[in-house]
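By convention in this document, chain letters (A, B, ...) are assigned in the order of the sequence lines, proteins followed by strands, and residues within each chain are numbered from 1.
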Amino acid sequence: MSELADEYRLEYFEEEGFVRKECPECGNHFWTRDEDRVTCGEPPCEEYDFIDDPGFDQAYSLAEMREVFLSFFEDHDHERIDPYPVAANRWRDDVLLTQASIYDFQPLVTSGETPPPANPLTVSQPCIRMQDIDNVGKTGRHTMAFEMMAHHAFNTREETDEEYAYEGEVYWKSHTVELCDELLESMGADITEVTYIEDPWVGGGNAGPAIEVIYKGLELATLVFMCMEQDPDGEYELKDGNTYSFMDTYIVDTGYGLERWTWMSQGTATVYEAIYPEMIDFLKDNAGIDHTEAEAELVGRAARLSGNLDIDDVDDVEAARGDIADKLGVSVEELRDLVEPLEDIYAIADHCRTLAYMLGDGIVPSNVGTGYLARMVLRRTKRLCDTVGVDAPLDELVDMQAARLDYANRDTIRDIVRTEVEKYRETLERGGRRVESLAEEYAEKGEPIPTDELIELYDSHGIQPDMVEEIAAEAGADVDVPDDFYSLVAQRQETPDAGAETADDEADERFEDLPETEKLYYDDQQRTQFEAVVLDVFEREDGYDIVLDQTMFYPEGGGQPADTGILSTDDATVDVVDVQIQDGVICHRTDDRLGKGEFVNGQVDGGRRRQLMRHHTATHIVIHAAREHFGEHVRQAGAQKGVDSSRIDFSHYDRVTREDVKAIEARANEIVMENTAVTQEWPDRHDAEADHGFDLYQGGIPPGEQIRLIHVDEDVQACGGTHVARTGEIGTIKILNAERVQDGVERITFAAGAAAIEATQTKEDALYDAAATLDVSPEEVPETAARFFEEWKDRGKQIEELKEQLASARAGGGGSGEEVEIDETTAVIDRIDSDMDELRATATAIAEEGSVAVLGSGQGGAQFVVAVPDGSAVNAGDVVGELAAKVGGGGGGPPDFAQGGGPNVEDLDDALEDAPDVLRQVLDA
RNA sequence: GGGCUCGUAGAUCAGUGGUAGAUCGCUUCCUUCGCAAGGAAGAGGCCCUGGGUUCAAAUCCCAGCGAGUCCA
């Protein structure tokens, strides 16, 4: 750490007369204006000093504070930008949720590939940190949802030769601290009390010096100066044990906690009361929490005390509870009864805000990804409501936060919450029944419910151990929840190795030197013929990769398969079977080679290409129609175009019904019939984002300063695929199927153009065939099929009845069977060539008459049934075993009724002849 | 993306290779002025689909479809 010490010697500190000190408590170095200052000022070295004594001139609400911050930086030459969604996986695949403002600009802007929307800029970015979920409500200062107010500046070093999307230095460390100081002063803070602690930052492969800003015991901001990257040869070893070196880009990354600034301005006991007071009041009222003045005073003192303690997570809170109770002169139980409901209410308010951000940004609850996180938060919130006795519907609570945050899709949010709460209720009901029967079972045995049952209940059925305890107690069963329960669950999840990762193809040096191929397929998407020069040819295992200077062949990408076709010179023609793009260079996989430097004539398979274009444009239309039909939360989650059919996966919180399909199909074909123009444009990416928002990037985020937009009707998407010129060229769109691929993700398969006609005809053929078989018109098929099915069932019942009648008739002496006296009883031995059902019925009937039945059948192999009347000493299982052995098989069953058989039908009669002997033998044994 | 659990009567679920069951609901009858309830009888099952193993599969194995759940 000390290696970076020089990085903190800022001009600003020098000009303002700051001194650098070392905190005697924690050993950290910090900068202060106060020469007499001893500690760094951050708990636990020092205590909160702003509760009931706000550190700013006036109290601000959350919204007011946000505005003060953003306009301060606007006044200091920053451009204000709109916040990004909390679902960070919309633009990057390494994280699920936005956890800091810098996430907005990773990885494309921080690496210098793409320019920032403005430079410098300021933003108040909603963030969600799931890792704080257990602390919320308990520590008094943790929230899962928060807004990180920030200002960022993106700089590149003067001396670099590389090209970056931004150039030169906007400002760096000194000015950043100066701005922070000025902001604090403008709020009325006593800046001699502010300390700047040196705290190098490392994360996500980047690093740099950073400064924590502490005021009155509260960390108000972190100023990060990202300027290093992980480098095995780097000269700086930082706290994560890796070595780092300086980058060409260096970025000011600040984070000012909106909630904390608001709290500082109000000095309430906890942060929650400062940021959503009206919601806290509502929840308290709804849960019937009504404190006497003495109680309220006690709660306030407890909050202040816990604020002053070294509390980083919920375990500390539990540990500290006893100390706090002592200091307040009450029992731990008394304190807990008073404080716990409040903690739950704080958590509910925070969780509802989290849900409002998530659902408001279009996250759909699911069993995967961000959807799973949303579901987890929702269920947890519902449990908290039930525990503390809040009976207001959850959708109303989430809506209160959504209204505060000004979301436009509040109806959808409420709908999603209602659907999810209902699903959860069903899960609980199902689980409850399961636990009840399990509890009764073990209560009867007098055993506690074993751990592996608990693990399965949780892992497979989503039932928390504490819920099992509750229900089991009612049934009188014990439950022993082991301390390491969750690690046992994790163990069960472990899989026996995922297998080695596939090794990357080694980089081809000749390949890297090639220029980017000129893409003719964007100039005129209708053309299929072109001329080009062969730049290079690579021999591959199963053919050749030919690189041209320009091409009309579309490489596989964005869910659109590659074009096929031919390349020909004066004396040779090769087939193009696949086309791939890598770093802008397009490779044509061919069956034979062409000479380097030759002129070629390229011809794309036009029929195939046109069909792919129809399907690609149709994909945009279908998703657009689905969005119109279901709402804005519908978002592409993957797509694959083909020649015969295409499919599109999209987020939606309910099943797609037949009615939905019809409506979407109708709307999609309306757009086709309107025959509107499909247009492309290449706007600046930030203009495009400003105009259309992040919904542009349904198929992924492309790099670069300009992006390609495709307009179809009112739909706009960033897309690299090829499209028809007018929607009418699609001909028709036929939805073939709708299915659920994951919870919260639906798949629609459809066909366009000729493929739609073919698909429809195939389906009609099936209907016509069925109609012909039933000898009715297609319209009558459903009714007739239903009638036939009913009749078929009736006949089954009739046959069964007749078999039973036949059986009792046979038993009554109508059969042809041989009767033999064995011991005291009569045995009927007979061969009836019928199925097992009839054999069984007959045997049962004979046994009811008081005789032993030994029946054989040659149908479907040699089969036996032996039935024995009550009180007979014959063991039917043994008899069948012996007989079946004679036909090369086996058999068995209970002593009074057994079945068996074997493959050798020709030995059946012999076996039956031996039956009397077998019976006697079995009796004697 | 991975793991796990479950698909049996209208509903909820038993049934671990050998004749498909229970409870509730439903229908009819009896008791009652009527209702709640009680008594009696009865109807209601391609045991999710398709393969495989076996003399024999609701049951065991594989695949698919459907539902649920945990984790990243």
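Between the C1' atom of B:U69 and the CD atom of A:Q464 lies a distance of 11 Å, rounded to the nearest Å. The distance from atom CH2 of A:W792 to atom P of B:C46 is 7 Å, rounded to the nearest whole Å. Distance A:Q859 CD to B:A56 P: 14 Å, rounded to the nearest Å. A:Y653 has its OH atom 17 Å from the P atom of B:A67, to the nearest Å. Between A:Q742 atom CD and B:G68 atom C1' there is a gap of 14 Å when expressed in whole angstrom units. One interatomic measurement links the two molecules: CG of A:D94 to C1' of B:G1, which rounds to 16 Å at whole-angstrom precision. Computed from coordinates, the A:I846 CD1 to B:U19 P distance equals 18 Å when rounded to whole Å. Atom CG of A:D835 and atom C1' of B:C55 are 15 Å apart (whole Å).
The base of B:G68 does not come close enough to the side chain of A:D743 for any donor and acceptor atom to sit less than 3.5 Å apart. One can find a donor-acceptor pair under 3.5 Å joining the base of B:U69 and the side-chain atoms of A:N367.
In summary, the side chains of A:Q131 and A:Q99 do present a donor paired with an acceptor at a separation below 3.5 Å, with no hydrogens or angles considered. Counted by atom type alone, A:D415 and A:Y653 present one or more donor-acceptor pairs between their side chains at under 3.5 Å. Checking A:R90 against A:Y84 by side-chain atom types alone, no donor-acceptor pair falls below 3.5 Å. For A:T762 and A:D765, the side-chain atoms include no donor-acceptor pair closer than 3.5 Å.
Using a 4.0 Å heavy-atom criterion, one finds that A:G861 contacts no nucleic acid atom at all. A:G462 comes within 4.0 angstrom of sugar-phosphate atoms only, judged by non-hydrogen atoms across all strands, and of no base.
Comparing the same atom, P, in B:U32 and in B:U23 gives a spacing of 27 Å after rounding to whole Å. B:A9 and B:A58 are spaced 15 Å apart, taking the P atom of each and rounding to whole Å. Taking atom C1' in both B:G21 and B:G3, the straight-line distance is 34 Å, to the nearest Å.
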Working for salt bridge (Lys or Arg N to Asp or Glu O under 4.0 Å), residues A:D134 and A:R380:
CA-CA 10 Å; A:D134 288 320; A:R380 197 187 171 95; 2.8 Å; yes
